[in-house]
Number of protein chains: 2
Amino acid sequence: MKRDPRNILQQYKLKNTPVRVSVLEVLLGSRVALSHNDITERLKGKDIDKVTLYRTLNSFTEKGLTHKVPTEDRNWLYAIFDEDLLRPATDHYHAHFVCNKCDKIYCLPVEEHQSMQNSSIKMGFKVLSSEVRLHGLCPVCQ
Amino acid sequence: MKRDPRNILQQYKLKNTPVRVSVLEVLLGSRVALSHNDITERLKGKDIDKVTLYRTLNSFTEKGLTHKVPTEDRNWLYAIFDEDLLRPATDHYHAHFVCNKCDKIYCLPVEEHQSMQNSSIKMGFKVLSSEVRLHGLCPVCQ
DNA sequence: ACTGATCTTGCAACTCAGTTGCATATTCTG
DNA sequence: CAGAATATGCAACTGAGTTGCAAGATCAGT
Ligand SMILES: [Mn+2]
Ligand SMILES: [Mn+2]
Ligand SMILES: [Zn+2]
Ligand SMILES: [Zn+2]
């Protein structure tokens with residue numbers, strides 16, 4: 001019940017519409033971050049307008065339900081922020097794993113950012129948030 | 001002599017042309033990563049073709065002289081990889097600091113990626129390289 | 001349930017970074 | 001001073017994402 005799309009939308013103050021439910025189901029069902037294109041393919045038959053999909057994803061992101069990750073080839077991937085939908089996007093240190101072979105991007109939980117931040121602070125930067133991006137081979141591809 | 005643009009081009013097996021020398025001079029003179037647009041502005045008067053500039057930057061990057069960093073608004077910034085031009089792009093752990101106020105991206109030296117990598121390996125990922133992206137306020141803006 | 005303010009959807013036209021093809025000019029090795 | 005290999009310039013193109021606007025759906029208050 002907690003993870004029902006309609007409840008989640010309500011919880012994130014997003015109006016409950018068929019498009020949003022479908023898109024959210026796709027995102028909930030994916031282990032990796034998905035592009036606009038990926039989502040469109042997984043919703044073949046539903047024939048959702050491309051602009052509507054962009055706006056849906058932006059709404060999700062603005063409300064903190066999803067976050068977006070830039071790819072190497074200058075577009076965006078979207079993912080549910082937290083598997084348990086517990087922590088909001090803003091106060092969560094974040095890591096992404098980019099597979100060199102299949103190009104999939106995985107969201108990883110990471111706790112140990114402290115040392116990195118401390119050394120930056122020493123250099124005169126004030127760190128408010130951070131993202132770690134690891135490249136290599138995912139469990140499927142190695 | 002070591003940091004003369006012409007020598008650097010030769011060292012990176014890039015043909016010595018006026019365009020390349022100008023672009024390299026701009027990159028060497030900047031503390032922050034620069035966009036295609038930034039470089040064009042700094043080369044007003046030289047009237048370099050936009051396609052040529054893209055191709056120049058790509059050549060630099062392919063040869064490991066520069067690297068490119070994706071921005072939040074889906075375009076690229078380019079920077080000389082290493083201040084001392086000592087280490088090639090591929091075996092260098094990398095950090096970027098994105099200023100929330102001025103949007104500048106700084107390249108930072110970072111040594112402490114080990115703990116992060118170790119925890120990823122435990123989860124079944126094979127880490128080959130990493131980028132850390134820190135957000136906050138740069139020394140100029142705070 | 002009905003109304004109405006508010007938000008969402010769909011379509012067309014647009015923007016803008018980056019690419020591709022091709023003809024001409026330049027580099028640099030022998 | 002060749003001549004092959006590479007760089008440059010221009011025009012046309014690509015494709016992700018945006019904007020404006022009119023029509024449709026949602027949902028809180030009655
Ligand atoms: Mn993520
Ligand atoms: Mn850098
Ligand atoms: Zn993979
Ligand atoms: Zn700043």
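Throughout, a chain's letter reflects where its sequence line sits, starting with A, and its residues are numbered from 1. Reckoned from all heavy atoms, side chains included, excluding hydrogens, waters and symmetry mates.
- How far CD of E25(B) is from OG of S30(B): 13.5 Å, rounded to the nearest 0.5 Å.
- In this structure, N37(A) reaches neither bases nor backbone, as no heavy-atom distance under 4.0 Å exists between it and the strands shown.
- Mapping R55(B) and W76(B) onto DNA chain C via the closest heavy atom, the residue that lands nearer the 5' end is W76(B).
- If you check dG18(C), dT9(C), dA5(D) against the side chain of K15(B), the one that comes closest is dA5(D).
- Between the CG atom of L43(B) and the C1' atom of dT8(D) there is a distance of 15 Å, rounded to whole Å.
- Atom CZ in R74(B) sits roughly 9 Å away from atom C1' in dG18(C) (whole-Å rounding).
- If you check every strand for non-hydrogen atoms under 4.0 Å, P70(A) touches nothing.
- Linking ILVMFWY side-chain heavy atoms closer than 4.5 Å, directly or via other members, places L28(B) and V19(B) in a single hydrophobic cluster.
- Neither OP1 nor OP2 of dC7(C) sits under 4.0 Å from any side-chain N or O of T17(A).
- Between dA17(C), dT9(C), dT20(C), one nucleotide has an atom nearer to the side chain of V51(B) than all others, and that is dT20(C).
- When the shell of 6.0 Å around CD of Q10(B) is examined, it contains 12 or fewer heavy atoms from other residues, nucleotides or ligands.
- Atom CG in L9(B) sits roughly 12 Å away from atom P in dT27(C) (whole-Å rounding).
- Candidate nucleotides dT19(C), dA13(C), dG18(C) were compared by shortest atom distance to the side chain of H36(B), and dG18(C) ranks first.
- Contacts of T52(A) with the nucleic acid, taken as non-hydrogen atoms under 4.0 Å apart, include base atoms.
- Whole-Å rounding puts the R6(A) CZ to dT26(D) P distance at 9 Å.
- No engagement by D73(A) is indicated, since no non-hydrogen atom pair under 4.0 Å with the nucleic acid exists.
- We find that CG of D49(B) is positioned 6 Å from P of dC10(D), with the value rounded to whole Å.
- At a cut-off of 3.5 angstrom, counting only N and O atoms as typed in the model, there is a donor on one side and an acceptor on the other between the side-chain of K50(A) and the base of dG17(D).
- Looking at heavy-atom distances under 4.0 Å, S59(A) makes no contact with the nucleic acid at all.
- When the shell of 6.0 Å around NZ of K104(B) is examined, it contains 12 or fewer heavy atoms from other residues, nucleotides or ligands.
- In this entry the distance linking CG of L14(A) with C1' of dT9(C) reads 15 Å, nearest Å.
- Residue I48(A) contributes atom CD1, which lies 7 Å from atom P of dG10(C) at whole-angstrom precision.
- When distances run from any side-chain atom of N16(A) to the nucleotides dC27(D), dG18(C), dA7(D), the shortest one goes to dC27(D).
- In this structure, CD of E62(A) is placed 15 Å from P of dG17(D), rounded to the nearest angstrom.
- Between F97(A) and Y106(A), the two ring planes are perpendicular [angle over 60°; tilted spans 30° to 60°].
- Ring pair H96(A)/H135(A): centre-to-centre distance not below 6.0 Å.
- Residue T56(B) places at least one side-chain N or O under 4.0 Å from the OP1 or OP2 atom of dT8(D).
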